[in-house]
Amino acid sequence: MNIQLSVKNAIETLYGQELSDNFVQLQQTKKEFEGHLTLVVFSLLKISKKNPEQTAEEIGAYLIDHVPAIAKYNVIKGFLNLSIASSYWLDTLNTIVNRPDYGATPVAPEAPLVMIEYSSPNTNKPLHLGHIRNNLLGYSLAEILKANGYRVVKTNIVNDRGIHICKSMLAWQKWGNGATPESAGKKGDHLIGDFYVLFDRKHKEELKQLQSSGLSEKEAEAASGLMNEAREMLRKWEAGDLETVALWEKMNSWVYAGFDVTYKALGVDFDKIYYESQTYLEGKEKVLEGLSKGVFYRQEDGSVWADLTADGLDSKLLLRADGTSVYMTQDIGTAKLRFDDYPVNRMVYVVGNEQNYHFQVLSLLLDKLGFEFGKGLVHFSYGMVELPEGKMKSREGTVVDADDLIAGMIDTARETSEELGKLDQCTKEEADQIARIVGLGALKYFILKVDPRKNMVFNPKESIDFNGNTGPFIQYTYARIQSVLRKATELSIVLPEVLPTTIPLNEKEQNLIQLVSDFETVVREAGESYSPALIANYIYELVKEYNQFYHDYSILREEKTEVKIFRLVLSKTIGSVIKTGFGLLGIEVPERM
RNA sequence: GGUCCGGUAGCUCAGCUGGAUAGAGCAACAGCCUUCUAAGCUGUGGGUCUUGAGUUCGAAUCUCAACCGGAUCACCA
C-alpha cells in the first residue's frame, strides 16, 4: 500500500479534481512535531478555497475516515502532520524482512548495458590518493547501477605508451643494474615509478649543467642527451623494434602485477581492460573517416581539426601534421573498440573534473562520428583530493601513495582495536581480517561520504578516528547487531517469518521502520544522480538512530516476548540494510569486532 | 578574459525536485561502563547559510548580478 497515492486519491475525491502525480508531496515530519509524514497544504488552497488551517483540518479528518493506515493527525499552521498506524509499519517491516535483495532491482538479461571506465592509471607512476577516490567511486557506481537493474561492464584504460614510459625504461637501462621487483624488494609499479623519478632528477642535473655552460633554457632542452635518447627510444618502440618492445613488455608486466596488488587491496576489479598501445591507432582511422565525410577539416600543414565553434567551443586538434595522434584521437579509438566489443547503451567515464572540457568535446566528436552513446556520454566528474596542508604536488613529495595509505589504515585499525582489547578473543587470522576490514572501511567511507563533485580534504588523522560519521562506527553497529542475534540463537529464540501486526510500537521503533523503508528510494536516487554519498549519509543516519534506540531500549531483556522478537527482527533488518548499503559502497562489514 | 564547478558552525561535511526554530561529526565543556560490544549514549556552548537584488504566502534551496576559491581554455596524457 502506498500512502502517498492514498492521500492523493483522497484529496482528489474530496475536492473532485484530478491532480498531477507530484502535486501531492509528503515529506518527513520534523522531529519536534508529532507524526511521521507531513502534507504541506499551501499549494492546495486553490482547490479547497479555504484558509490553510481549515484545509488541513478538513483533509486530516477525511483521511482518518477513509485511509486505514493513517491513525492520527494534527495541524500546525499550514502543515498537516499524519501519524501512521503501527499495523502499517509492521506490514512494511514484514515485506522488507522477506526480501533478501531489499533495495535492489533484479537485473534482467535485456536490461540496458552501461559501461563504466574508471581508474585509468599511467604505467610510470604508482597509484596515489587521487586514484583511490577514482577507484572507489567507479566501483561503487557500478554496484549502485547494478542494484538499479542495469547490466554493467567495468573497464579500465591503461596509458601504457608514450615518451613518459620511455623515460623509465631509459633510466632502468642506464642505472638499474638489472633490478627486478624481486631483487629490489619493491612492488613493480613502485620500482618503475622510482626510475621515472630518477630520470627526471638526472635530466634536471643535465639541464643545469648545460645552462651553466651558457645555453639558454630552450637550447639546453634541445641539447639534452637524455631527452634525445628517450625520444629515440619512442621512435624505436613505434617502429616495433624487437629489443625495445621486449623491454617495454617486461617492465609493464611488473607494473601490472603491482597495480593488481593495489586493486585487490581496495577490492576493485574490471571486466575488461584496454591498453592505449592497442587503441591509439584505431582513433586515427576513425578521424580519417570523419575527414572524408567532411566532419573534420585539414589545415595547410596537414594537421586534422574539428571545428566546434557552432557548439560554442573552439577548434580541436585531432591529428598532428606528422600524422601522429593526440589524447583525443586515442579516446575516439578506445570508444570505437569498446563499441565493437559490447553493445553499450550508455558510457560512463569516471575521470577527474580537470578534464571536463575534454569530455565535453569528446561527446560532441563521438556524436558527429555517429556513435549512438556519444551524446548521452556521462562524464562522472569528481573533485580533487587535497591534504590539510594543501594540494598534493609530486615535485614537493606531498603525494600520498595508495599502498602506503592502505597499509597505514590497516595498522591503525589494528592498534586501536588492540588498545580497546577488542581482539583479545581472536585468533591471529581473525585479528588480521578485522583490521583489514575496519581500516579499509574507514578509508572508503571517508572518501565516499563526500559529494563527488566537490573538492575534498583528506585528513589522514581524522579518517582513522573511529568516532562519529565514519565507516568503523557503522561497522561496529553491524557487529553489535550480529552479537545480539547470536545471543538470541543461544537462547533458542526463533525469529518468525511474519510478525503479527498487533504489536504496539513506540515512536522510535516506528521511526526506524520508516527510515529502513526509505532505503529503496535512496538507492534509486543514488543511481539517478550518480552519488554514492547519498547512500553513505543515509546509512549513517539509520545507524545513529539505531544506536540511540539500542541504548534506550533493551532488546534481549524486554519482558514481553512478542516485543522482544519484534525488536530482534527490526535489528536484523537494519543489519541487512547496513550490509547491503555498505556493499553498494564496496565496504565489507565484520561479524564481530 | 571565455567556459564549467564550488562557497553552510573554529575544522570536515550533510541538507538544495522551495516549507515549520538550518543539521551531524570533530574540537571544547559537563554527565553515563555491576549493562544485549562504552569504537557507544546524553546534555551545554557555537551560524548574517559569501554579499546584494528578484520571484513567492514562504528562499540555504529557484533567477540575475557581484565577490572569493578551484578547474580548464597545449600539436601533454
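Protein chains get the first letters and strands the later ones, always in sequence-line order, with residue 1 at the start of each.
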May I ask you to say what A:Gln330 touches in the nucleic acid, namely base, sugar-phosphate or nothing, with a heavy-atom cut-off under 4.0 Å? sugar-phosphate
Rounded P spacing from B:rC41 to B:rA60 in Å: 30 Å
Nearest of B:rG25, B:rA39, B:rC73 to any side-chain atom of A:Tyr540? B:rG25
note: A:Ile434, atom CD1; B:rA39, atom P; distance rounded to Å ~ 13 Å
Please list all pairs meeting side chain to side chain donor-acceptor pair (under 3.5 Å) that have one or both residues in residues 530-541 of chain A, counting only residues at least two apart or in different chains. A:Arg346-A:Tyr530
Could you tell me whether the side chain of A:Ile539 reaches within less than 4.5 Å of the side chain of A:Leu585, counting heavy atoms only? no
Please classify the nucleic acid contact of A:Tyr327 as base, sugar-phosphate, or nothing, using heavy-atom distances under 4.0 Å. base
Integer angstrom distance from the C1' of B:rC16 to that of B:rC49: 11 Å
All pairs passing salt bridge (charged side-chain N to carboxylate O under 4.0 Å, His left out) where residues 555-570 of chain A contributes a residue, at least two apart: A:Glu509-A:Arg567, A:Glu558-A:Arg567
Pair of N/O donor and acceptor under 3.5 Å linking B:rA39 base with A:Thr477 side chain: no
Is the closest side-chain donor-acceptor distance between A:Thr477 and A:Asn547 under 3.5 Å? yes
Pick the P atom in B:rA27 and in B:rG23, then give their distance to the nearest Å. 22 Å
Counting the atoms with a prime plus P, OP1 and OP2 as sugar-phosphate, which does A:Glu276 contact under 4.0 Å by heavy atoms, base, sugar-phosphate, or nothing? sugar-phosphate
Nearest-Å distance for atom pair CD1/P, residues A:Ile578 and B:rA39: 16 Å
Could you give the NZ-to-P distance, from A:Lys46 to B:rC57, as a whole number of Å? 10 Å
Note: contacts of residues 377-388 of chain A with RNA chain B (heavy atom, under 4.0 Å) are none
Evaluate the ring planes of A:Phe446 and A:Phe458, with Trp represented by its six-membered ring, and classify them as parallel (under 30°), tilted (30 to 60°) or perpendicular (over 60°). perpendicular
Carboxylate-amine/guanidinium contact A:Glu57 A:Lys50, below 4.0 Å: no
Is a salt bridge present between A:Asp451 and A:Arg453, judged by a nitrogen-to-oxygen distance below 4.0 Å? yes
Quick one: does A:Thr279's side chain get under 4.5 Å of A:Ile157's, heavy atoms only? yes
Please find the pair of heavy atoms, one from A:Gly383 and one from A:Asn455, that lie closest to each other, and give the distance. CA-OD1, 3.3 Å
According to the Watson-Crick and G-U wobble definition with distances under 3.5 Å, which dot-bracket string, read 5' to 3', encodes RNA chain B, using [ ] for crossing pairs and | for pairs with another strand? ((((((((.[[[[.)...(...]]]].(((((.......))))).....[[[[[..)....]]]]])))))))....
Integer-rounded Å distance: B:rU37 P and A:Glu591 CD: 14 Å
Any residue of residues 478-487 of chain A with a heavy atom less than 4.0 Å from an atom of RNA chain B: A:Ala479, A:Arg480, A:Ser483, A:Val484, A:Lys487
Compare all side-chain heavy atoms of A:Asn252 with those of A:Tyr275 and state whether any distance is below 4.5 angstrom. no
Excluding sequence neighbours, so at least two apart, what forms ring-ring contact (aromatic ring centres under 6.0 Å, His included) with A:His203? A:Phe199
Cation-pi check, A:Arg480 to A:Tyr550: give yes when NZ or CZ is under 6.0 Å from the six-membered ring centre and within 45° of the ring axis, no otherwise. yes
Rounded off to whole Å, could you give me the CG-to-C1' distance for the A:Leu491 and B:rC36 pair? 10 Å
Please confirm whether any donor atom in the side chain of A:Asp301 sits under 3.5 Å from an acceptor in the base of B:rC75, or the reverse. yes
If we only count heavy atoms from C-beta on, is the A:Arg524 to A:Thr521 side-chain gap below 4.5 Å? yes
Taking the side chain of A:Asn356 as heavy atoms from C-beta outward, which of B:rA24, B:rC4, B:rA39 is closest to it? B:rC4
Could you tell me whether A:Arg592 and A:Glu430 have a side-chain N and a carboxylate O separated by less than 4.0 Å? no
Stretch residues 548-558 of chain A: residues that reach within less than 4.0 Å of RNA chain B through a heavy atom: A:Gln548, A:Tyr550, A:His551, A:Tyr553, A:Ser554, A:Ile555, A:Leu556, A:Arg557
Atom-pair distance (CG on A:Leu568; P on B:rC36), nearest Å: 15 Å
In B:rC33, glycosidic geometry as syn within 90° of 0 or anti otherwise: syn
Keeping to residues at least two apart or across chains, list the side chain to side chain donor-acceptor pair (under 3.5 Å) pairs with something in residues 35-45 of chain A. A:Thr29-A:Thr38, A:His36-A:Gln510, A:Thr38-A:Asn81
Are A:Leu319 and A:Phe296 side-chain neighbours, meaning at least one heavy-atom pair lies under 4.5 Å? no
Could you list the residues that satisfy ring-ring contact (aromatic ring centres under 6.0 Å, His included) with A:Tyr73, not counting sequence neighbours? none
Consider side chain to side chain contact (heavy atoms under 4.5 Å, CB included). Of A:Val543, A:Ile574, A:Val589, which one does A:Tyr478 pass it with? A:Val589
For the P atoms, the ones on B:rG47 and on B:rA9, what distance do you get once it is rounded to whole angstrom? 10 Å
Given the C1' atoms of B:rA30 and B:rG45, what is the spacing between them in whole Å? 11 Å
Candidates B:rA71, B:rC41, B:rA77 - which lies nearest the side chain of A:Phe473: B:rC41
Residue set satisfying ring-ring contact (aromatic ring centres under 6.0 Å, His included) with A:Phe359, at least two apart, ordered chain then number -> A:Tyr349, A:His379
Distance between C1' atoms of B:rA20 and B:rU3 (Å, rounded): 40 Å
What nucleic acid atoms does A:Lys422 come within less than 4.0 Å of, heavy atoms only: base, sugar-phosphate, or nothing? base
Going by the angle between their ring planes, with limits at 30° and 60°, are A:Trp237 and A:Trp248 parallel, tilted or perpendicular? perpendicular
What interatomic distance, in whole Å, is found between C1' of B:rC11 and the corresponding atom of B:rG18? 30 Å
Residues of residues 157-169 of chain A with any non-hydrogen atom less than 4.0 angstrom from an atom of RNA chain B: list those, numerically ordered, please. A:Asn159
Could you check whether any side-chain heavy atom of A:Val158 comes within less than 4.5 Å of a side-chain heavy atom of A:Tyr256, counting everything from C-beta outward? yes
Please report the distance separating the C1' of B:rC68 from the corresponding atom of B:rU51, rounded so that it comes out in whole Å. 11 Å
When rounded to whole Å, the CD to P distance for the pair A:Glu541 and B:rG25 reads 11 Å
Treating primed atoms plus P, OP1 and OP2 as sugar-phosphate and everything else as base, which nucleotides of nucleotides 10-22 of chain B get B, S or - for protein heavy atoms under 4.0 Å? --SSSS---BB--
Rounded to the nearest Å, what distance is computed from the CG atom of residue A:Leu308 to the P atom of nucleotide B:rC73? 15 Å
